[in-house]
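Everything on this sheet refers to the single structure shown next.
This is a predicted model, so every value here is computed, not measured. In listed order, ligands and their atoms are each counted from 1.
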Amino acid sequence: METDTITVQQLTHGLQGQLTVPGDKSISHRVAILGALAHGSMRVRNYLCSEDCLNTLRAMQQLGAQVTLGDCPQNFTLTGTGMQPTAPQADIDCGNSGTGMRLMAGVLAALPFRSRMYGDSSLCSRPMNRIITPLGQMGARIRACGAKAGCAPLEIDGGKLSTIDYTLPMASAQVKSAVLLAGMLTEGTTRVHQPAITRDHTERLFAHFGIPCSVSEDRLNIAVQGPVTYKANDITVPGDISSAAFWMVAASILPGSKLTLNNVGLNPTRNAIITVLQRMGADIHIDTVSSTGEPYGNITVTTPQRFVGTEVLPHEIPNLIDEIPVLAVAAAFAEGSTTIRHAAELRVKESDRITTTVQNLRAMGAEVEEFEDGMVIHGGKPLHGAVMDSYGDHRIAMSFLMAGLRAEGATTLLHCTNINTSYPGFKEHLQQLIS
Ligand code: S3P
């Protein structure tokens with residue numbers, strides 16, 4: 001029977017062998033959305049069949065896109081609506097996914113019908129004004145109807161929008177992408193300026209589909225020219241570096257490890273976890289398989305000689321934002337202190353990841369200081385197992401299971417079902433590596 005609780009014991013051996021993590025979550029959402037508007041059919045390979053991305057795919061089917069399954073659920077043919085989507089007959093369930101809801105809001109705001117999106121209690125407590133404000137300036141009519149102000153469910157009366165020249169108040173790829181997706185459906189040039197470089201999967205997929213988009217040399221200014229029509233184009237989604245990060249950290253903190261992670265996405269706007277772990281002394285070898293489109297390769301992690309604390313630089317934060325809980329776990333096992341600041345965005349993720357990470361680190365005996373915008377971890381103290389909540393947050397659950405592999409005794413994480421939102425098959429991979 002599927003259980004909501006996972007317990008691990010301290011491992012007496014390292015992680016050995018090879019693993020292929022599932023497809024990238026951010027790219028999968030975007031492939032579903034952009035493929036659904038394309039003319040014609042495309043083969044999608046290695047789509048992430050997690051709850052989050054399946055919700056987005058189902059939403060696109062509600063708009064008229066067709067999915068024909070291939071040899072396995074991750075491989076299918078997606079037939080787009082050719083820019084003629086139909087009004088959804090039912091409310092759209094976004095589950096736990098901020099990315100799904102925010103990106104789809106950009107599209108739905110520009111389409112000529114009414115729609116309504118809802119999600120689980122975590123999603124319904126996350127801020128939506130960050131997309132409602134710029135989309136509203138483009139003329140979108142979006143109402144946040146949640147019990148909490150500015151939160152989902154969202155009701156959208158879609159229609160023709162006008163272009164915008166928008167400076168993001170925070171480094172958010174979701175907000176950037178919501179505006180760019182609305183811009184692609186709007187006549188004229190829509191411009192977005194970001195305060196720091198954020199993941200650029202939307203821009204790369206625009207190039208993949210031949211959607212006219214320009215990016216400045218410093219990558220901070222993006223412009224899209226709408227309205228667009230484009231043809232479907234086959235795609236293979238690389239493995240998710242955010243999922244690989246759990247094993248990279250585990251192999252770095254467990255003596256006797258040598259683990260290869262196959263076909264992991266190495267997009268330079270996503271790979272700061274590798275840079276930071278290497279700065280801490282991690283022994284990470286990268287064998288690049290492809291450097292075009294979305295680059296990817298095989299990552300081999302061997303237990304390092306020495307593992308030391310570091311300071312995460314402000315510009316690195318957006319590039320490893322989802323890996324911070326597991327980086328904090330790594331820091332707890334490193335000698336000396338690790339400083340993670342300028343990361344207030346963590347407070348509005350699937351849980352308040354500053355509080356949840358700090359609480360769980362302390363429960364295991366780590367010394368950690370909490371700040372409004374981050375934490376300082378004083379590493380090197382031996383940690384002990386504990387019973388901890390994952391607060392329904394997939395990344396908190398997986399991060400502290402990694403800590404449990406190194407900590408003395410048994411570690412139990414409660415409420416782990418949400419691991420399925422990003423990493424289906426995680427339990428099987430864990431079982432494979434620990435047995
Ligand atoms: C994502 C962007 C990030 C990240 C999220 C996925 C995306 O969120 O935390 O998991 O796919 O664009 P923000 O844009 O809110 O920083």
Verify side chain to side chain donor-acceptor pair (under 3.5 Å) between Asn221 and His193, making sure each step is shown before the conclusion. CA-CA 5 Å; Asn221 310 295; His193 312 283; 2.7 Å; yes

Which is closest to atom 4 (C) of ligand 1 in terms of heavy atoms, Val175, Asp322, Thr198?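 Among Val175, Asp322, Thr198, the closest heavy atom to atom 4 (C) of ligand 1 belongs to Asp322.
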
Name the option, out of Met170, Arg353, Lys349, that contains the heavy atom nearest to atom 13 (P) of ligand 1.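 Heavy atom nearest to atom 13 (P) of ligand 1 belongs to Lys349.
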
Polar atom proximity, [X] to ligand 1 (N or O, under 3.5 Å):
{"X": "Lys25", "result": "no"}
{"X": "Ala173", "result": "yes"}
{"X": "Glu345", "result": "no"}
{"X": "Arg395", "result": "no"}

Will you find, in the side chains of Ser50 and Asp52, an N or O donor that is under 3.5 Å from an N or O acceptor?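 No, Asp52 and Ser50 have no side-chain donor paired with an acceptor closer than 3.5 Å.
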
Can you list the ligand 1 atoms lying under 4.0 Å from a non-hydrogen atom of Ser172?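 By the 4.0 Å cutoff, the relevant atoms are 13 (P), 14 (O), 15 (O), 16 (O).
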
For ligand 1, which atoms, with element, lie under 4.0 Å from some heavy atom of Ile321?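 Those qualifying, in numeric order: 9 (O).
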
Please state which part of [X] comes within less than 4.0 Å of ligand 1, counting heavy atoms only: side chain, backbone, both or neither.
{"X": "Arg30", "value": "side chain"}
{"X": "Lys176", "value": "neither"}
{"X": "Arg199", "value": "side chain"}

To the nearest 0.5 Å, what is the distance between CD (Glu187) and CD (Gln225)?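 Rounded to the nearest 0.5 Å, the CD-CD separation comes to 9.0 Å.
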
Quick check for you: to the nearest 0.5 Å, what is the distance between Arg362 atom CZ and Glu369 atom CD?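 CD of Glu369 is found 8.5 Å from CZ of Arg362.
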
Nearest protein heavy atom to atom 6 (C) of ligand 1, by residue and atom, and its distance?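 Answer, as residue, atom name and distance: Thr99 OG1, 3.3 Å.
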
Kindly assign one of parallel, tilted or perpendicular to the pair Trp247 and Tyr423, based on the angle between their ring planes and the thresholds 30° and 60°.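 The arrangement is perpendicular - the two ring planes meet at more than 60°.
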
I'd like to know whether Lys176 forms a side chain to side chain donor-acceptor pair (under 3.5 Å) with Thr198, so could you lay out the CA-CA distance, the side-chain angles of the two residues, the decisive distance to 0.1 Å, and finally the verdict. CA-CA 9 Å; Lys176 171 181 72 175; Thr198 63; 2.9 Å; yes

Taking only Lys NZ, Arg NE, NH1 and NH2, and the carboxylate oxygens of Asp or Glu, determine whether Asp240 and Arg270 approach each other closer than 4.0 Å.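 Yes, this pair counts.
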
Taking 4.0 angstrom as the limit, do Asp91 and Arg116 come out as a salt bridge?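 The answer is yes: the pair qualifies as a salt bridge.
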
